[in-house]
Amino acid sequence: MSMTAAVCNAFRGSILHFLTNPGEAGADHSYQFIPDGLIVVENGRVLALGGYAELHPTLPAGTQLTDYSGRMILPGFIDTHIHYSQTDVIASPGKQLLDWLEHYTFPAEGRFDDMNHATEVAGFFLDELLRNGTTTALVFGTTHRQSLDAFFAVAGQRALRMVAGKVLMDRNCPEFLRDTSDSAYADSAALIERWHGQGRLGYAITPRFAVTSSDAQLAQVGELARTYPEVHIHTHLAENMDEVAWVAKLFPWSRSYLDVYDHYGLLRERAVYAHCIHLDEDDRQRMVDSGATAAFCPTSNLFLGSGLFDLAGVLDSGMRVGVATDVGGGTSFSMLRTLGESYKVAQLRGYTLPSLQAFYLATLGNAKALGLDDNIGNLAPGKEADFIVLDPESTPLMARRMRSATTLIERLFIFMTLGDDRAVAATYILGELVHTRACLPSAENLSNE
């Protein structure tokens, strides 16, 4: 093949990405692994992907080639549930969910009425995501409209693909965080009109959870969802048994916690429900039928003592599922650490999570869960060039262990068991370097030969 004379950037390394779900198709056909590969980027998108020996001779003069030989290039990680406003409460000791919200989360979120504070936290939060190799996330803001204006402004300046929304809650919360059903609708509609579809930004209608929204507010949320069917819906579901019991008291007419959301028209594709630990079979089937997604948040579920997500049962049911850090109840921004904890939670439920399945979930699986797989999730030509570089020698222990690894599956398992932010050597957004841990390898400009 021969490429055009346009200036391209090319990146050499071992390359892994997924074509489909390893749990549904034969593993030999679900992913593409190129031990010595080349990804070619033009105008922020993947132009070509293949073996180095095949593609290198076709690169036009002026192509900048960055050599990551010995390292692994993957699509950027995707996080299906995280709170940017909880950045400063990560690692806060406390009791279970409801107590933790009252003593740590709500006071911290009260500070986001200050635009300067919201802007500073948004910058730090996005830096931390990129440092950990996460290039897209579904993000909670606060009840303050300015918290979303700040977040979207910072994310837009960086050309990031991010989805976020203003929190809606009009009861069972501090007065300084309370909105109303009418203001929630008006503010959300204004934010959607201003930010959704601007660059790579998307909006999510975001009731916090059923206990903090009145029937009137949930009815308005349903109306928002009908008025703006293209946006996401993002909330919490069945995280904690005390929370589940509270929902039953507040909505005595409902069959289940999920039924409350269903009653108000909030179950559909692009609806993401964090946690989903305590669901029955009817709930699972309704999730399947509606196309809604469960976000599995292992580190926060363990930290807050909420329960053990039944990953095997969810996968067997056909429910859409993503994996998420859930910072600040979650204890790490690192998707590698999150995958490691996912493995442990699954083990406690009697299921062994294969490393291929884990990395699929963190990349293409999460893209599909968010309905964004037309643009991100793998490195197929035409996709947006958000990718990361993992270093198998990022720590002495990892380097030692990698030397005895003989298969890709084993190397991936080592990354998800021993890896953290130190393993992310570089992060690229639309083909541009936005984070590096070490000096870049020398870039080679190809001359006419």
Side-chain angles (χ1 to χ4, degrees), residues 1 3-19 31-34 36-52 54-56 58-60 62-69 71-79 126-127 129-137 155-163 197-202 335 359-360 362-368 370-391 424-437 440-441 443-446:
M1 64 181 291
M3 297 185 190
T4 66
V7 176
C8 305
N9 293 317
F11 305 87
R12 182 183 186 181
S14 61
I15 298 174
L16 171 68
H17 72 145
F18 292 87
L19 307 175
Y31 66 94
Q32 184 178 18
F33 178 63
I34 311 170
D36 185 12
L38 197 68
I39 177 172
V40 185
V41 176
E42 182 180 46
N43 296 326
R45 291 186 179 267
V46 178
L47 179 64
L49 179 72
Y52 175 80
E54 171 194 358
L55 288 184
H56 182 261
T58 71
L59 296 177
T63 298
Q64 184 179 68
L65 174 62
T66 302
D67 195 335
Y68 286 114
S69 294
R71 298 176 180 180
M72 187 178 293
I73 299 173
L74 301 91
F77 294 134
I78 299 165
D79 194 335
L126 292 171
D127 285 343
L129 286 182
L130 296 171
R131 194 170 65 83
N132 282 277
T134 297
T135 54
T136 291
Q157 289 166 3
R158 301 178 184 212
L160 299 176
R161 184 167 285 284
M162 290 283 160
V163 182
Q198 292 296 314
R200 304 171 73 204
L201 303 175
M335 191 58 70
F359 276 81
Y360 165 80
T363 56
L364 183 60
N366 276 356
K368 287 181 176 292
L370 297 181
L372 298 175
D373 51 303
D374 284 348
N375 291 300
I376 58 173
N378 65 14
L379 301 174
K383 292 290 184 73
E384 295 168 351
D386 292 351
F387 60 91
I388 61 175
V389 182
L390 296 185
D391 182 2
V424 180
T427 303
Y428 285 81
I429 295 295
L430 298 176
E432 297 292 331
L433 180 69
V434 294
H435 164 73
T436 183
R437 278 199 71 242
L440 275 176
E444 170 189 354
N445 281 310
L446 300 185

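Note that the coordinates shown come from a computational prediction; the quantities given were computed from them, not determined experimentally.
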How far does [atom1] of [X] sit from [atom2] of [Y], to the nearest 0.5 angstrom?
X: Y360; Y: L19; atom1: OH; atom2: CG; result: 10.5 Å
X: Q32; Y: L16; atom1: CD; atom2: CG; result: 9.0 Å
X: I376; Y: R161; atom1: CD1; atom2: CZ; result: 6.0 Å
X: T427; Y: D127; atom1: OG1; atom2: CG; result: 11.0 Å
X: F77; Y: T363; atom1: CZ; atom2: OG1; result: 8.0 Å
X: L38; Y: L59; atom1: CG; atom2: CG; result: 5.5 Å

Side-chain heavy atoms of [X] within contact of [Y], under 4.5 Å:
X: L364; Y: H17; value: no
X: T136; Y: N366; value: no
X: N378; Y: F18; value: no
X: I78; Y: T134; value: no

Matching residue for D386 among R200, R158, R45 - test: salt bridge (charged side-chain N to carboxylate O under 4.0 Å, His left out):
R200
Testing the basics here: between A425 and D391, what is the closest heavy-atom pair and its distance to 0.1 Å?
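Distance-wise, the nearest heavy atoms are CB-CB, 4.1 Å.
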Would D67 and S69 satisfy side chain to side chain donor-acceptor pair (under 3.5 Å), going step by step from the backbone distance to the final call?
CA-CA 6 Å; D67 195 335; S69 294; 2.5 Å; yes
Test side-chain contact (heavy atoms from CB on, under 4.5 Å) on T135 and V434 and set out the steps.
CA-CA 10 Å; T135 54; V434 294; over 6 Å; no
Ignoring hydrogens and geometry, is there a side-chain-to-backbone donor-acceptor pair from S14 to D36 under 3.5 Å?
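Between the backbone of D36 and the side chain of S14 there is no qualifying donor-acceptor contact (under 3.5 Å).
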Mind checking whether F387 and Y428 have parallel, tilted or perpendicular rings, split at 30° and 60°?
parallel
